[in-house]
Visitor: 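Sharing a structure with you now.
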Protein chains: 2
Amino acid sequence: MGRPGSVRTATKLHGMPKEAQPRECSIADTLDLVGERWSLLVIRELSHGVRRFDGIVLNTGASRDILTARLRKLEAAGIIRRERYSDHPVRFEYHLTPAGVELCDVLITLMRWGDRHLHPDDPPVRWQHSCGEVLDAMVICRHCGGEARVGAHSPTGRGVKAGNTPHMETAE
Amino acid sequence: MGRPGSVRTATKLHGMPKEAQPRECSIADTLDLVGERWSLLVIRELSHGVRRFDGIVLNTGASRDILTARLRKLEAAGIIRRERYSDHPVRFEYHLTPAGVELCDVLITLMRWGDRHLHPDDPPVRWQHSCGEVLDAMVICRHCGGEARVGAHSPTGRGVKAGNTPHMETAE
DNA sequence: CAAGAGGGTTGGAGTTTCCAACTAACCCAA
DNA sequence: TTGGGTTAGTTGGAAACTCCAACCCTCTTG
């Protein structure tokens with residue numbers, strides 16, 4: 001797990017392999033924690049109120065051994081918490097931590113994309129927002145309230161590298 | 001790729017394996033398209049304006065064969081478009097389609113989570129929103145404008161199953 | 001003509017994942 | 001007490017996926 005390389009000795013044989021230098025990036029770092037198969041579905045289940053091992057197996061379709069590994073990793077990352085709810089037959093259930101609850105923003109945007117592009121007429125699940133309406137989510141800029149969308153902005157910071165931005169359109 | 005099962009014949013030997021019945025869900029369906037390793041980083045690169053094969057290899061760290069496979073799959077899904085920009089040395093570059101641009105919402109929420117939880121003091125990349133401020137994203141309900149967050153809502157629809165919601169808290 | 005650049009393929013090794021069965025610890029019912 | 005059921009995992013072996021480095025082919029440039 002985790003990306004391997006960092007500083008490899010450039011062997012350079014017939015055409016300088018041109019060392020990969022992955023961009024520093026919170027997207028990649030977050031995906032290192034929750035980007036493996038099943039992890040986000042585990043979080044989906046916890047957000048649906050399913051907290052037990054067998055329930056998660058049943059609703060996701062993950063195999064039990066992999067699920068065990070994912071739960072351990074999410075716990076180590078502070079995204080879920082394992083709680084003993086019975087002592088004598090020792091039994092546990094899983095809960096989202098506050099950091100885990102914040103990941104639901106990712107689930108919501110994934111769901112919205114899938115609803116729009118894969119199930120335009122019949123979303124399989126609808127969330128009711130506290131305002132009473134069916135939740136239709138949108139990502140905005142906290143400062144101005146306008147819609148946020150990457151293509152329209154320009155990035156700055158350590159993770160931005162020079163020389164590989166041939167021509168900047170707003171996509172399409 | 002794609003989940004296998006669907007209807008398996010329940011063999012039921014010593015304890016009724018309790019057939020997994022994965023929830024119908026746009027989150028899972030979207031992850032089937034973009035949830036494999038590297039796919040979202042490819043979309044990140046395109047949104048940064050990097051459009052060529054070698055540039056994507058360099059900035060993500062993906063191996064070339066896997067990158068080829070991901071690009072083909074994203075193209076088949078209508079998320080990216082492959083465009084010939086030179087005929088004689090036949091050369092291509094990749095662009096986000098409108099559906100691909102919409103996936104940037106997912107990237108933004110992943111980035112925000114990583115910035116908050118993994119790099120609280122020094123986000124590696126900052127996006128400047130068109131309003132001039134550094135983008136600080138938030139997911140809201142389009143109807144009321146209030147913050148959206150799954151834990152606080154209740155789901156309905158085909159993908160919701162009875163009997164596995166032991167006790168519904170708002171997480172934590 | 002030799003070296004790149006660009007956009008891939010290919011082969012083989014290494015790593016993950018899947019599947020189905022099995023365990024252990026307890027509860028209940030007959 | 002025998003038999004089952006529930007819960008939370010383990011385990012072993014096969015299948016699938018990834019990684020890496022090298023190789024290919026077509027231009028273009030020096």
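A note on names: the letters A, B, ... follow the listed sequences, proteins ahead of strands, and every chain is numbered from 1.
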Visitor: Please report the distance, rounded to the nearest Å, between OH in Tyr85(A) and P in dC27(C).
Guide: 13 Å

Visitor: Strictly below 4.0 Å, N to O, side chains only: are Arg112(B) and Asp105(A) in salt-bridge contact?
Guide: no

Visitor: If I compare all heavy atoms of Ala148(A) with all of Cys141(A), which pair ends up nearest, and what's the gap?
Guide: CB-N, 4.1 Å

Visitor: Nearest 0.5 Å, please: how far is CG in Leu96(B) from CZ in Arg51(B)?
Guide: 7.0 Å

Visitor: Whole angstroms only, please: what is the CG-C1' distance between Leu67(B) and dG6(C)?
Guide: 13 Å

Visitor: Would you kindly give the CG-to-P distance between Leu58(A) and dA8(D), to the nearest whole Å?
Guide: 13 Å

Visitor: Using whole Å, what does the distance between atom P of nucleotide dG14(C) and atom CZ of Arg37(B) come to?
Guide: 18 Å

Visitor: Determine: side-chain N/O of Arg84(B) to OP1/OP2 of dG7(C), distance under 4.0 Å, yes or no.
Guide: no

Visitor: Ignoring hydrogens and angles, state whether a donor on the side chain of His119(B) or Asp29(A) is under 3.5 Å from an acceptor on the partner side chain.
Guide: yes

Visitor: Taking N or O atoms only and anything under 3.5 Å, show me the protein contacts with nucleotides 9-14 of chain D, one pair per line.
Guide:
| from | atom 1 | to | atom 2 | distance (Å) |
| --- | --- | --- | --- | --- |
| dG9(D) | OP1 | Arg72(A) | NH2 | 3.0 |
| dG9(D) | OP1 | Arg82(A) | NH2 | 2.3 |
| dG9(D) | OP2 | Tyr94(A) | OH | 2.7 |
| dG9(D) | O5' | Arg72(A) | NH2 | 3.3 |
| dG9(D) | N7 | Arg64(A) | NE | 3.0 |
| dG9(D) | N7 | Arg64(A) | NH2 | 3.2 |
| dG9(D) | O6 | Arg64(A) | NE | 3.2 |

Visitor: Taking all non-hydrogen atoms of both residues, which atom of Ala62(A) and which atom of Trp38(A) are closest, and how far apart?
Guide: CB-CD2, 3.5 Å

Visitor: Val125(B) and Asp115(B): which non-hydrogen atoms are nearest, and at how many Å?
Guide: O-OD2, 4.3 Å

Visitor: Roughly how many Å is it from CD in Glu93(B) to C1' in dG8(C), rounded to a whole number?
Guide: 16 Å

Visitor: At 10 degrees resolution, what angle do the end axes of the helix from dC1(C)-dG30(D) to dA30(C)-dT1(D) form when each is taken over five base pairs?
Guide: 10°

Visitor: Can Arg52(A) be said to sit on top of Tyr85(A)'s aromatic six-ring, NZ or CZ under 6.0 Å from centre and within 45° of the ring axis?
Guide: yes

Visitor: Write down the distance between CD1 (Ile66(A)) and C1' (dA16(D)), rounded to a whole number of angstrom.
Guide: 12 Å

Visitor: Side-chain N or O of Arg70(B) versus OP1/OP2 of dT18(D): is the shortest distance under 4.0 Å?
Guide: yes

Visitor: For the pair Arg23(B) and Glu45(A), evaluate side-chain contact (heavy atoms from CB on, under 4.5 Å) and give the outcome as yes or no after the intermediate values.
Guide: CA-CA 9 Å; Arg23(B) 205 186 276 279; Glu45(A) 288 309 309; 2.5 Å; yes

Visitor: Measure from the side chain of Ser63(A), starting at C-beta and using heavy atoms only, and say which of dT7(D), dC18(C), dC20(D) lies closest.
Guide: dC18(C)

Visitor: Look at Trp38(B) and dC17(D) and indicate whether a side-chain polar atom (N or O) is within less than 4.0 Å of OP1 or OP2.
Guide: no

Visitor: Nearest heavy-atom pair of Leu33(B) and Lys73(B): which atoms, and what distance?
Guide: O-CE, 3.9 Å

Visitor: Nearest whole Å is fine: how far is dC17(D) P from Glu36(B) CD?
Guide: 8 Å

Visitor: Is Arg82(A) positioned over the aromatic face of Tyr94(A), cation under 6.0 angstrom from the ring centre and no more than 45 degrees off axis?
Guide: no

Visitor: Which whole-number value in Å describes the distance from Ile80(B) CD1 to dG7(C) C1'?
Guide: 14 Å

Visitor: Where do N or O atoms of nucleotides 27-29 of chain D meet protein N or O atoms at under 3.5 Å, pair by pair?
Guide:
| from | atom 1 | to | atom 2 | distance (Å) |
| --- | --- | --- | --- | --- |
| dC27(D) | OP1 | His88(B) | O | 2.7 |

Visitor: Which heavy-atom pair separates Ala137(A) from Val139(B) by the least distance, and what is that distance?
Guide: CB-CG1, 3.8 Å

Visitor: Less than 4.0 angstrom from a charged side-chain N to a carboxylate O is my criterion; do Glu75(A) and Arg81(A) meet it?
Guide: no

